[in-house]
Amino acid sequence: MTLWNGSYPFYPGPNACFPFDTTRTVIVTIFLSMLATFIIILPGIPSRGRLFWFLRSVLGLFMGAVILNVQFTGDWETGWVQANTSYKSFSHVQVNADIGLHIGLAGLNVTLRGNPVEQINETINYNEHFPWNFGADYDRSYSEGLQKGLPSPILYVAEKFSTQSPCAVHRQYRIAGRYVSLTLWLAFCTWLISILLFSMSILLYGGQMLLLTATLILFSLLLFSTVRNTLRCPIQFGPVSLRTDYGESFWLALATGLLCLLLGLGIIILNSLQPEKLKLIFSLDKSSKEELWDKSCLPAEPSCSAQDGLMVPLGELCHGTATQL
C-alpha cells in the first residue's frame, strides 16, 4: 500500500462533520416564545395575583421544556479521557487527544479533539453519531464509519457498542432508550393534562396529574440507571480508561421529577388542609365570586317585588268581578 503525502489513500481529506441538530433549538425557541408572550401580558394581570401567576407560568413552561427536550439530547451518560493514541489504522503515529463518549436515548456520539487541534498536518476535531433508535441500524452506521476511514479511537469506542461486540451492551442500551423515551412521552402528556386542569381551576386533580408526571419521570430514570449498572468491557487507551458518568440530561430530568413531586404533594396537602391559601396562590378569590353572584341577583329583586305587589288574592278578584256583573 502506497502513501500519498504521508497519509493513506482511503482516508478522506476533510474531517467528518456531525450535522447540527435543530430539534432542541426549535423546542427551546417555542417555549421561550411562550414565556415572552406571558411576560408581555403580565401587566394586564391584577397586581394581587401577578407574582403567583408569573411563577406558575415559569415553572409550568420549565417542566414541559425539560421533559420534551431530554428526549433528543445525547448526554444522558458522558465520559472524557485524555490519552496518547494512534490516529489511523496501520500507522504507529500517535496523537494526544481528548476522547469523549456521549450516550443518549437514540444513540451515542464519539468525540475526538486533538490537544492541540492541529497535529501531524491535520485538524483533529471529530464528532460522530451512531444511532440505535427506531428505523436505524447501528452496525450499518459503524460499517459506514469503517468505509469512510474514521480515526481509530472513534471506531474503537463505537465497536464496543455494536451487536457483534463481546461486551453485549447494545441490546440493553437500545431497549432502555426505547422504554425511557416512551415513559417520558407519557410524562409529557400528563403534564399537558395537569396544565389544562389548573387552567380550569380543578386544583386537586391537577396536583394528582402533576404527581403522576413526577412518578413517570423518576421511573424513566430508574430504567436508565439499571442499564448503566450492567457489566461491560472497559474502554482502554493505553494506561488510562474511558469511564462514563451520568450526564446533564439525567440530572436535569431528576431535578424536574423532584420539582413535580414537591409541587404535586404541596397542592394535594394544601387542598386538604388549607384550601383558601391554595385558592389564593391560583388567584381564585372566593369573595369576588360571591360579590358577582350577589350583583347578578340584584336586578331580579325589583321584578320580584313588583310581581308581589301586583298579585291579588283569589277571593278579592272573584268578589270584584261579581260586583261588576
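Computed from a predicted model, the values in this text were never measured in an experiment. We're numbering straight along the sequence, starting at 1.
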Nearest heavy-atom neighbours spanning C233 and P166 = SG-C, 4.2 Å
Is it true that L42 and F38 fall in one hydrophobic cluster, defined by side-chain heavy atoms closer than 4.5 Å?
-> yes
Are the side chain of S162 and the backbone of A158 linked by a donor-acceptor contact shorter than 3.5 Å?
-> no
Is the distance between the ring centroids of W53 and F282 less than 6.0 Å?
-> no
Nearest non-hydrogen partners of S152 and S86, listed with the distance | CB-O, 4.0 Å
Please determine if R140 and E144 form a salt bridge, counting it only when a charged side-chain N lies under 4.0 Å from a carboxylate O.
-> yes
N121 atom CG, neighbour heavy-atom count above 12 within 6.0 Å = no
Kindly determine whether F198 and I267 satisfy side-chain contact (heavy atoms from CB on, under 4.5 Å), including the steps that lead there.
-> CA-CA 11 Å; F198 287 140; I267 291 173; 3.4 Å; yes
E276 side chain reached by L280 side chain, heavy atoms, under 4.5 Å | no
Answer yes or no: is there a donor N or O on one side and an acceptor on the other, between the side chain of W191 and the main chain of G60, under 3.5 Å?
-> yes
Mutual orientation of the aromatic rings belonging to Y156 and F237 [parallel < 30°, tilted 30-60°, perpendicular > 60°] = perpendicular
Mind checking what makes ring pair (Phe, Tyr, Trp, His ring centres under 6.0 Å) contact with Y142, not counting sequence neighbours?
-> none
Flag yes if F52 and I39 sit in one hydrophobic cluster, no otherwise; membership is Ile, Leu, Val, Met, Phe, Trp, Tyr, and two members link when side-chain heavy atoms are under 4.5 Å apart.
-> yes
Can Y173 and E77 be counted as having a side-chain donor-acceptor contact under 3.5 angstrom?
-> yes
Who passes ring pair (Phe, Tyr, Trp, His ring centres under 6.0 Å) against W185, sequence neighbours left out?
-> none
State yes or no: do I269 and L197 share one hydrophobic cluster built from I, L, V, M, F, W and Y residues joined by side-chain heavy-atom distances below 4.5 Å, directly or via other members?
-> no
Check the pair I217 / T256 against side-chain contact (heavy atoms from CB on, under 4.5 Å), numbers first and verdict last.
-> CA-CA 8 Å; I217 295 176; T256 305; 4.3 Å; yes
Side chain proximity check, R171 to T163, heavy atoms < 4.5 angstrom = no
With no hydrogens and no angle check, do the side chains of N109 and E128 hold a donor and an acceptor under 3.5 Å apart?
-> no
Taking the side chain as C-beta and beyond, is there a heavy-atom pair between F188 and T213 under 4.5 Å?
-> no
For S181 and R178, indicate whether the former's side chain and the latter's backbone hold a donor-acceptor pair under 3.5 Å.
-> no
Please check if the side chain of R174 supplies one atom and the backbone of A106 the other of a donor-acceptor pair under 3.5 Å.
-> no
CZ (F31) with more than 12 external heavy atoms under 6.0 Å | yes
Check whether any side-chain heavy atom of I103 lies under 4.5 Å from a side-chain heavy atom of T78, and answer yes or no.
-> no
Provide the closest heavy-atom pair for L210 versus M63 in the form atom of the first, atom of the second, distance.
-> CD1-CE, 4.1 Å
Cut-off 3.5 Å, side chains only: do Q94 and T85 have a donor facing an acceptor?
-> no
Grab the two heavy atoms, one from H170 and one from W132, that are nearest each other, plus how far apart they are.
-> CE1-CB, 3.9 Å
State the CG-CG distance between L105 and L182, to the nearest 0.5 angstrom.
-> 11.5 Å
Do L150 and L146 come within less than 4.5 Å of each other through their side chains, counting heavy atoms only?
-> no
Quick one: do I27 and L59 end up in the same hydrophobic cluster if we chain Ile, Leu, Val, Met, Phe, Trp and Tyr together by side-chain heavy atoms under 4.5 Å apart?
-> yes
Look at the rings of Y138 and F130 and say which category their plane angle falls in: under 30° parallel, 30 to 60° tilted, over 60° perpendicular.
-> tilted
In short, L196 meets S199 closest at the heavy-atom pair O-OG, 2.6 Å
Side chain E122, main chain E118, donor-acceptor under 3.5 Å | no
Hydrophobic cluster identity match, L254 and L184, side-chain contacts under 4.5 Å = yes
Tell me yes or no: between the side chains of Y87 and Q119, is some donor less than 3.5 Å from an acceptor?
-> no
S220 side chain to T183 side chain, donor-acceptor N/O pair below 3.5 angstrom | no
Ignoring hydrogens and angles, tell me if any N or O in the side chain of S165 forms a donor-acceptor pair with the backbone of K160 under 3.5 Å.
-> yes
Taking all heavy atoms of W76 and all of A253, pick out the closest pair and write down the distance.
-> CH2-CB, 4.4 Å
Does a side chain donor of either S249 or D75 reach within less than 3.5 Å of an acceptor in the other side chain?
-> yes
